[in-house]
Amino acid sequence: MSDQSWENLSNQAIAVAGAVYFLALLCHLGQWASLRKLPADTEVTTGRTAMLGRLGVLLTVIGCGVHLVGLLGRGMAADPNRVPWGNMYEFSISGAFFVALIYLALYRRLRLAWMAPIVVGVVLTVMMAAVIWLYDPVAPLTEALYSPWLVIHVVSAVIATGAFTLGGIASLLYLLKSRTTYTQKSTGYLARVPDLRGLDRISYRMHAFGFPVWTFAVLITGPIWAHQAWSSYWNWDPKEVWAFITWVVYAAYLHARTTAGWRGRNAAILALVGVATLWFNFIGINFFSTTSQHSYAEGSAPISVTGQVESGSSF
Amino acid sequence: MSEPATPRRAGELTLRETARWSWRQLTSMRTALILLLLLALAAVPGSIVPQQDVDSLKTSRWQEAHPTLTPIYEWLGLFSVYDSPWFAAIYLLLMVSLVGCIIPRTAVYWRAMGARPPRAPARLDRLPHSASYTTQEETDDVLARAARVLRKRRFRVDVRDAAGDATVAAERGYLREAGNLVFHISVVVVLVGFAMGSLFGYRGGAIVVVGGGFANDVRSYDDFLPGSLFRQEWMEPFSFDIDDFEVDWLESGPRSGMAQNFVSHLSYRESPDAPEEAYDLRVNHPLSIGDTEVFLIGHGYAPVITVTDGEGNVALSGPTVFLPNDQTFRSFGVVKAHSAEPTEIGLQGELYPTFAFREGREGGPYSAFGNALDPLISMTVYTGDLSMGSGAPQSIYALDTSRAEQVTKADGSMFRLDLRPGETAKLPDGAGSVTFEGLQRWNKLQISRTPGKLVALTGVSLALLGLLGSLFIRPRRVWIRVRREAGQTLVELGGLDRSDGGDVAEELEDIRQAIKEDA
């Protein structure tokens, strides 16, 4: 297959994955719409509602598979072939993929059925934003990105992003749910999500997984690569600064969970602050700062051969 | 003891008590948390306001554009946030808080390492997790087997067979706290490594024309940023020549115009008497000489320009570095022929590597491509005093025209040199001539010495290891009590999860089964 046909395949696969995720979202919305009427302690295992739920998960699995094809196609379309994370579009669709993948992998173990409509919604939103605003044709990478560290550094950052995003969803629901008390007989979506303890635990597990991976990405592989490419392992580049801020906020989250007066609500707020800094760094900072060696924003000084040549890239 | 002369008011503290109270506050988790959040907050401005150390050009442009804010920002240290006293205050306080927290915890941990698992509580069924079963066996047999099962599961086991109360106390997961301590100590190690780099290291940049050479001496650098404790004697006496520089230009596709595959062919000597060696310097592949590393970080063009003065003598001839403005390598440069007679000659203007012209009101000359397919220099000429004798340092990329006069044509209209390689133009009024001989390339090299980088890397790797331990090792305690009751042996088990996220109930059930079935 030629590079062009790989690229077309990738674009089509991403579109199809988006459509399948959308159908999955519809199924989950239908499922939760009918669950709304039932008391929280009623388990529904048969009938249309349960089938919609299973169909939603099945569609998410299919969507995730097609999504993977889309990512592989991006990598195969490049010459030379490479990992599909060379610009913002590719980071975003990879990030969305890992959110979906981690959710599916932990679906049974952590009983994440309640998370389904939100996760699928988030994945779909990120993919749409990527396709509409961040799309970039397959292109050769900036010189500095030709490094084995591209694979290690970016994949770990993107996986951590996926885990933190899922943890953030659990923390958000924790905050929403903590505003009111629910009984076994309450109805509605929030009554059906796990109790506060359960939400806190799921959130913690996601963060406990994400934090070391983020540490590895931001404080180990990032500096090693930065040292090779830019001569200094820590440059206080805006992207580095925000990655550090994210790291510090999540460190605060982990400490808050063990500190009297901070656990529960405050920890959940910190988790949300963490997710906000994370996604701001992922996308936002590129639009705020053109000095970043990570941003490769247009119109910036060209003296460097290492960056600032192509538009839109991140980690 | 006698009463103090002045009775103390309620809540009044002596100096010593105040100090102790402050220390307690500082080393409390709550303070550490607030300091962490402050650190995150304090790091923000440095990503928004341009930083002197990161991009000095952008910083000075920003300062020119914001004359009112600049003095305020300067006073606040916002142009070098990460060196500012208030940023340092936050992380130093955080470090003190961390050390103050770690030392007592290490002592506690040390004692706990040698201690026996705590004795069984009176009522095991009141623990969060408990189980029991009855059997006909003797208590001693059950007790011994329980100890064996727990040891096999890598618990630290303590059997207490006091009169009437036979218990096994077991604990595992001691390494969680060790991981926690290692993580926090490693943070200090990382900071030490980082500090070594910024105190004893240096970073410098040099632009070297291809074909030219570089000797490692402070005077060879265009910009040089030493650490505050850096000493020049530490500079390694290496030298190198750039023999050739290759670059590929993409001529099609979405990144058309982008350059890639930069290779700079160097021949270098580690010291003046060392043998010459060759190295292909590429992005991501720095050259290491001793503790110093050489990085290829930029490239550009240096037109070779010859200026002949009004008396017919060559006043200046050689490559002049032009700095690119954008990725088409439209570059700006200055030529200063201060030895020209009867008057000094200065040129300033642009190089278009692939000259093109756009018609219309917004039009003008531009460079269509970064590669030098059809290079042209377009420069204006100044004669008079270029203010080079004043002794004040002058940028080689700027022409001081305050005491010079722009050369115009005889009719007073603007005079501009537009030269392609090999072309010569005469200056009006017999002031001399300018020849554009050809184009050479230059490389921008970053040269740095970063001591402590391995210290920092070791620190951060240990921190990750410790972190994994502190997050995923689950400390838990299990107690088993065996006693005779109503002619049977009652075996009670109780479990306590000392982290959360563990599944002690399941483990307790496994242990119960194991003790029961081994019978």
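Below, chains carry the letters A, B, ... as their sequence lines are ordered, and counting in each starts from 1. The structure presented is a predicted model; accordingly, all values stated were derived computationally and were not measured.
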Between [atom1] of [X] and [atom2] of [Y], what distance do you get to the nearest 0.5 Å?
X         : Y         : atom1 : atom2 : result
Asn284(B) : Trp230(A) : CG    : CH2   : 9.5 Å
Ile245(A) : Ser47(B)  : CD1   : OG    : 5.5 Å
Leu467(B) : Leu219(A) : CG    : CG    : 10.5 Å
Thr215(A) : Leu465(B) : OG1   : CG    : 12.0 Å
Leu36(B)  : Tyr250(A) : CG    : OH    : 14.5 Å

Kindly give the heavy-atom pair with the smallest separation between [X] and [Y], and that separation in Å.
X         : Y         : answer
Ser231(A) : Ser448(B) : O-OG, 3.3 Å
Ala40(B)  : Val249(A) : CB-CG2, 4.1 Å
Arg30(B)  : Trp262(A) : CG-NE1, 3.8 Å
Arg203(B) : Ser232(A) : CD-CB, 4.5 Å
Leu471(B) : Pro212(A) : CD1-CG, 3.6 Å

Side chain from CB out, backbone as N, CA, C, O: work out which of these in [X] comes under 4.5 Å of a heavy atom of chain A, or both, or neither.
X         : answer
Leu250(B) : side chain
Phe194(B) : both
Val190(B) : neither
Ala456(B) : side chain
Asn443(B) : neither

Q. What about the rings of Tyr146(A) and His285(B), do their centers lie closer together than 6.0 Å?
A. no
Q. By a 4.5 Å heavy-atom criterion (distance strictly below it), what part of Val273(A) contacts chain B: side chain, backbone, both, or neither?
A.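 It is neither, since no heavy atom gets under 4.5 Å.
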Q.
Do Gln51(B) and Trp236(A) make a side-chain contact, defined as non-hydrogen atoms from C-beta onward lying under 4.5 Å apart?
A. no
Q) So, do Lys453(B) and Trp234(A) sit near enough that their side-chain heavy atoms are less than 4.5 Å apart? A)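 No - every pair of side-chain heavy atoms lies 4.5 Å or more apart.
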Q: Assess whether atom CD of Glu506(B) is packed by more than 12 heavy atoms of other residues, nucleotides or ligands within 6.0 Å.
A: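 Incorrect, the count does not exceed 12.
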Q. More than 12 non-hydrogen atoms from neighbouring residues, nucleotides or ligands closer than 6.0 Å to CZ on Arg61(B), yes or no?
A. no
Q: Under 4.5 Å, counting heavy-atom pairs only, tell me which of Leu37(B), Ile34(B), Val247(B), Thr328(B) racks up the most with chain A.
A: Leu37(B)
Q: Could you have a look at Phe244(A), Phe216(A), Trp149(A), Trp242(A) and say which one has the most heavy-atom pairs with chain B under 4.5 angstrom?
A: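 The residue among Phe244(A), Phe216(A), Trp149(A), Trp242(A) with the greatest pair count is Trp242(A).
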